[in-house]
Amino acid sequence: MRSLRDFAGGVGFFVQGFGWVSKHPRWWLFGLIPAVISFAVYVLALVFLGTNAADLAAFMTPFADSWSWREAFRAVVGVALFLGGLAVAVLTFAALTLTVGEPFYERLSSAVDVLDNEHEQPWWRTLPRSIRDSLVTLFYVLIFTIPLFFLGFIPVIGQTVVPVLGALVSGFFLTVELTTLSLERRGMARKQRFALLRGNKASALGFGVAVFLLFLIPLVAVIAMPAAVAGAALLVRTRISPVPER
């Protein structure tokens with residue numbers, strides 16, 4: 001029961017993030033700038049993938065040339081490729097947007113999560129580390145999502161269990177990305193951040209799954225990105241690494 005409460009609490013922090021930016025519309029508009037830039041890049045990439053999915057499916061399945069039902073099979077593969085690309089886009093959208101807009105979101109996170117003492121460095125010094133950490137996170141994401149991609153072709157399990165597992169995995173790593181700003185301001189390195197989030201797994205999953213599902217809706221990811229950053233800061237401040245009351 002406690003895990004369920006913590007999971008629901010994690011979802012609640014995302015809702016609180018929306019509440020915070022709605023009360024501070026200037027920060028919401030400020031946080032939209034890098035999100036719009038990243039969204040434009042992903043739209044172009046997904047349009048390219050969608051228009052070439054059939055050719056990619058044929059290239060990847062030469063063994064099916066002699067099959068009578070090769071067109072239907074390749075259509076399924078093409079759809080799976082596009083859905084896989086969409087899932088990767090959702091997973092990496094936050095990482096790319098946070099990297100592109102680090103100066104923006106660092107100020108937004110600082111406004112939400114005010115600290116008396118914080119480890120502050122110029123963004124141009126933290127940028128290489130942020131890129132490296134995002135690549136490491138992406139590596140872990142692929143370790144989980146590639147097997148899930150192939151398990152998705154298994155009847156019944158691929159349409160029921162696998163999507164749920166995919167949402168949980170994606171949600172956790174989205175939380176990893178979104179809480180990085182607040183946890184780094186507390187002087188925590190990547191391994192410390194991972195350990196802390198694993199210790200608060202239910203809350204991290206609740207927050208991340210809510211973000212993941214909402215980010216699947218076109219344009220909503222752009223609008224919700226500032227709220228996700230604000231919600232992550234509130235999650236860290238209140239649950240993950242609480243700040244003592246003054």
Side-chain angles (χ1 to χ4, degrees), residues 1-21 31 35 38-39 42 80 83-98 105 109 112 133-134 136-149 151-152 157-183 193-241:
M1 289 298 294
R2 179 180 177 182
S3 294
L4 289 175
R5 286 197 301 271
D6 288 346
F7 185 92
V11 176
F13 282 110
F14 188 30
V15 175
Q16 290 179 42
F18 275 102
W20 194 92
V21 295
S38 297
F39 183 74
Y42 279 107
L83 292 177
L86 180 61
V88 171
V90 172
L91 284 170
T92 57
F93 175 79
L96 177 64
T97 306
L98 288 170
Y105 294 126
S109 179
V112 178
D133 288 352
S134 293
V136 171
T137 301
L138 179 60
F139 172 74
Y140 283 117
V141 169
L142 293 176
I143 287 177
F144 288 98
T145 55
I146 290 176
L148 288 174
F149 173 79
L151 288 173
I157 293 177
Q159 292 73 50
T160 54
V161 177
V162 171
V164 174
L165 291 176
L168 292 173
V169 170
S170 302
F172 179 79
F173 285 107
L174 272 174
T175 303
V176 169
E177 289 289 350
L178 289 164
T179 55
T180 293
L181 287 172
S182 288
L183 293 176
R193 299 197 303 268
F194 266 88
L196 197 59
L197 290 170
R198 284 197 301 268
N200 294 270
K201 193 176 297 180
S203 298
L205 286 173
F207 178 80
V209 169
V211 174
F212 174 74
L213 294 177
L214 203 57
F215 274 23
L216 287 173
I217 305 172
L219 291 178
V220 172
V222 177
I223 297 170
M225 187 64 192
V229 173
L234 291 169
L235 172 65
V236 170
R237 183 177 181 83
T238 307
R239 182 68 55 83
I240 305 298
S241 182

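All values derive from a computational prediction rather than experimental measurement.
- Looking only at side-chain heavy atoms (C-beta outward), Leu235 and Phe14 stay at 4.5 Å or farther from each other.
- In this structure, Leu83 places its CG atom where more than 12 heavy-atom neighbours from other residues, nucleotides or ligands lie under 6.0 Å away.
- For the pairing with Phe215, the side chain to side chain contact (heavy atoms under 4.5 Å, CB included) check across Val211, Leu213, Ile217 returns one residue only, Val211.
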Assess whether side chain to side chain contact (heavy atoms under 4.5 Å, CB included) is satisfied between Thr97 and Phe39, documenting all intermediate values. CA-CA 8 Å; Thr97 306; Phe39 183 74; over 6 Å; no

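- For the residue pair Phe207 and Ala232, the shortest heavy atom distance occurs at CZ-N, 3.4 Å.
- The shortest distance between side-chain heavy atoms of Phe13 and Ile240 does not fall below 4.5 Å.
- Scanning all heavy atoms of the two residues, the minimum distance from Leu234 to Gly17 falls at CD1-N, 4.1 Å.
- The CG atom of Leu86 lies 6.0 Å from the CG atom of Leu216; values are rounded to the nearest 0.5 Å.
- One N or O on the side chain of Thr175 and one on the backbone of Gly208 form a donor-acceptor pair closer than 3.5 Å.
- Between Phe144 and Tyr140, the gap from one ring centroid to the other reaches at least 6.0 Å.
- Atom CD1 in Ile143 sits 12.0 Å away from atom CG in Leu148 (nearest 0.5 Å).
- Here the straight-line distance linking atom CZ of Phe194 with atom CZ of Phe172 works out to 6.5 Å at 0.5 Å rounding.
- Considering OH of Tyr105 and CE of Met225, their distance stands at 5.0 Å, rounded to 0.5 Å.
- The two atoms that bring Ser203 and Arg239 nearest to each other are OG-NH1, 2.8 Å, heavy atoms only.
- Looking only at side-chain heavy atoms (C-beta outward), Leu98 and Thr180 stay at 4.5 Å or farther from each other.
- Between Ser109 and the options Thr179, Leu178, Leu181, a side chain to side chain contact (heavy atoms under 4.5 Å, CB included) holds for only Leu181.
- Across every non-hydrogen atom of Trp20 and Ala230, the tightest pair is CE3-CB, 4.3 Å.
- Counting only heavy atoms from C-beta outward, the side chains of Val112 and Arg237 never approach each other to under 4.5 Å.
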